[in-house]
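Reckoned from all heavy atoms, side chains included, excluding hydrogens, waters and symmetry mates.
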Amino acid sequence: IHFMPIIQIPSLDDVITATLKLAEAGDRMTHLCICPMSEEIIRAALELAVEHDYPAIIIPDRNQVSEHEGGGFITGLTPQSLVEQIEQIEQSIGVGPGAKEPWLRYVCLDHCGLWTRWYGNDERELEENDALEAVKKTLTACLLADYKAIHLDCSFPAPAHIRIDEEKIIKLNTELIEFAEQERIRLGKPPIAYEVGTEETVGTGISVDHFRDSISKTFAELEKTGQ
């Protein structure tokens, strides 16, 4: 009897850690993250990753792929149907489960936060608690679909009567991480990676010092919750 060896696929955290170590040694690189705007783009991204031997990272936001019936504005995909489409493409190009060589592919969620969804179920004018519950439903759907990383970004504009400052943003990000971790454990899913913040290039949040301070405060809030 011949048994196939069990190949441990590194987490996205492992990939980023290795990338940082390479950068310290002078070998810098940028990971290509693709928004799955069509099946053709997904296929091209996967084929390019196979050809050049680098991790494939597919990362839609809450509008592009949605857990609601009818999906997001990208051909009606939900988190689950997106992963299924990716798996079908992988099978057609000879990678993924059952392949002889390990294959690094990560599906992630971009810009997940309150008041970010405008397509379909428009959430931009929801009250804070309703907006928070809507985001939690997205997180559950993405965990069920085996997403590997979640980018939390609660910096989007709130309705005019709701006051949002940096302290509030940090607390909301922390609450969503705490929920996601509890939900991940409840669903029996492996650990995932988290990205916190925004990549906007204007405003007060673009300096290195401000970013470090924000991350430190986020870690402090997470420690209070035991995460």
Side-chain angles (χ1 to χ4, degrees), residues 10-33 35 55 57 59-64 106-118 123-136 138-139 142-143 147-185 191-227:
S11 70
L12 192 55
D13 271 345
D14 294 333
V15 172
I16 298 303
T17 299
T19 302
L20 292 173
K21 288 181 179 180
L22 287 171
E24 291 173 358
D27 188 3
R28 296 181 177 274
M29 70 180 73
T30 298
H31 288 287
L32 179 63
C33 300
C35 177
I57 302 175
I59 182 165
D61 66 23
R62 297 180 68 232
N63 291 296
Q64 294 154 352
Y106 305 92
V107 182
C108 313
L109 176 62
D110 203 13
H111 289 293
C112 180
L114 285 68
W115 305 297
T116 57
R117 176 170 284 151
W118 51 262
E123 300 172 5
R124 290 174 292 181
E125 295 299 324
L126 289 181
E127 294 297 328
E128 182 179 321
N129 286 339
D130 293 333
L132 189 62
E133 289 304 310
V135 173
K136 289 179 178 180
T138 297
L139 291 174
C142 291
L143 288 168
Y147 276 38
K148 302 305 182 187
I150 293 171
H151 170 210
L152 293 165
D153 180 6
C154 290
S155 67
F156 280 68
H161 65 283
I162 299 177
R163 182 176 178 272
I164 294 290
D165 55 18
E166 185 174 359
E167 181 180 356
K168 184 68 173 179
I169 290 171
I170 290 172
K171 287 187 178 297
L172 288 171
N173 282 333
T174 302
E175 182 172 351
L176 290 174
I177 292 174
E178 184 179 13
F179 170 81
E181 279 298 285
Q182 292 173 349
E183 192 74 341
R184 178 187 66 78
I185 293 169
I192 64 171
Y194 293 96
E195 177 188 1
V196 178
T198 181
E199 70 258 19
E200 299 302 327
T201 56
V202 296
T204 60
I206 61 172
S207 74
V208 173
D209 289 340
H210 181 278
F211 181 74
R212 284 176 176 162
D213 182 61
S214 177
I215 291 296
S216 295
K217 290 177 179 176
T218 300
F219 275 121
E221 286 295 320
L222 286 172
E223 288 176 359
K224 293 178 184 178
T225 68
Q227 298 295 332

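- With respect to the salt-bridge test (charged N to carboxylate O, under 4.0 angstrom), the residues Arg62 and Glu123 qualify.
- If you take SG on Cys35 and CG on Asp110, they are separated by 8.0 Å, rounding to the nearest 0.5 Å.
- Looking at Asp153, its side chain never comes within 3.5 Å of a backbone N or O of Gly113 through a donor-acceptor pair.
- Side-chain polar atoms of Glu127 and His161 form a donor-acceptor pair below 3.5 angstrom.
- Residues Tyr194 and Leu152 meet the side-chain proximity criterion, which asks for heavy atoms closer than 4.5 Å.
- Across Leu12 and Ala149, no two heavy atoms sit closer than the pair CD2-CB, 3.5 Å.
- Here the shortest heavy-atom pairing between Thr19 and His31 reads OG1-NE2, 2.7 Å.
- Between Thr17 and Asp14, the side chains place no donor N or O within less than 3.5 Å of an acceptor N or O (distance only, hydrogens not considered).
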- Query: Step by step, would you call Ile150 with Leu176 a side-chain contact (heavy atoms from CB on, under 4.5 Å)?
  - Reply: CA-CA 10 Å; Ile150 293 171; Leu176 290 174; over 6 Å; no
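- Separating the CZ atom in Phe219 from the OG1 atom in Thr174 is a distance of 10.5 Å, to the nearest 0.5 Å.
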*Val135 vs Leu172, side-chain contact (heavy atoms from CB on, under 4.5 Å): CA-CA, chis, key distance, verdict*: CA-CA 11 Å; Val135 173; Leu172 288 171; over 6 Å; no
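- Residues satisfying the side chain to side chain donor-acceptor pair (under 3.5 Å) test with Lys136, not counting sequence neighbours, are none.
- Residues Tyr106 and Pro10 approach most closely at OH-O, 2.7 Å, considering heavy atoms.
- The NZ atom of Lys217 sits 8.0 Å away from atom CD of Glu167, with the distance rounded to the nearest 0.5 Å.
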Applying side-chain contact (heavy atoms from CB on, under 4.5 Å) to Leu126 and Glu133, what does each step give before you reach the verdict? CA-CA 10 Å; Leu126 289 181; Glu133 289 304 310; over 6 Å; no
Exercise for the section: Check step by step if side-chain contact (heavy atoms from CB on, under 4.5 Å) holds for Leu32 and Ile57. Expected result: CA-CA 7 Å; Leu32 179 63; Ile57 302 175; over 6 Å; no
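- Looking at every heavy atom in both residues, Leu139 comes nearest to Leu109 through CD2-CD2, 4.3 Å.
- Side chains of Asp61 and Thr116 form no contact here, defined as non-hydrogen atoms less than 4.5 Å apart.
- In this structure a side-chain-to-backbone donor-acceptor pair under 3.5 Å is missing from Glu181 to Glu178.
- Going from atom SG of Cys154 over to atom NZ of Lys168 covers 10.0 Å, rounded to the nearest 0.5 Å.
- Across every non-hydrogen atom of Pro191 and Arg184, the tightest pair is N-NH1, 3.3 Å.
- Taking CE of Met29 as the reference point, atom CG of Leu20 lies at 10.0 Å (rounded to 0.5 Å).
- A distance of 12.0 Å separates CG in Leu143 from CD in Gln182, rounded to the nearest 0.5 Å.
- Shortest non-hydrogen contact noted between Glu128 and Trp115 is CA-CZ2, 3.8 Å.
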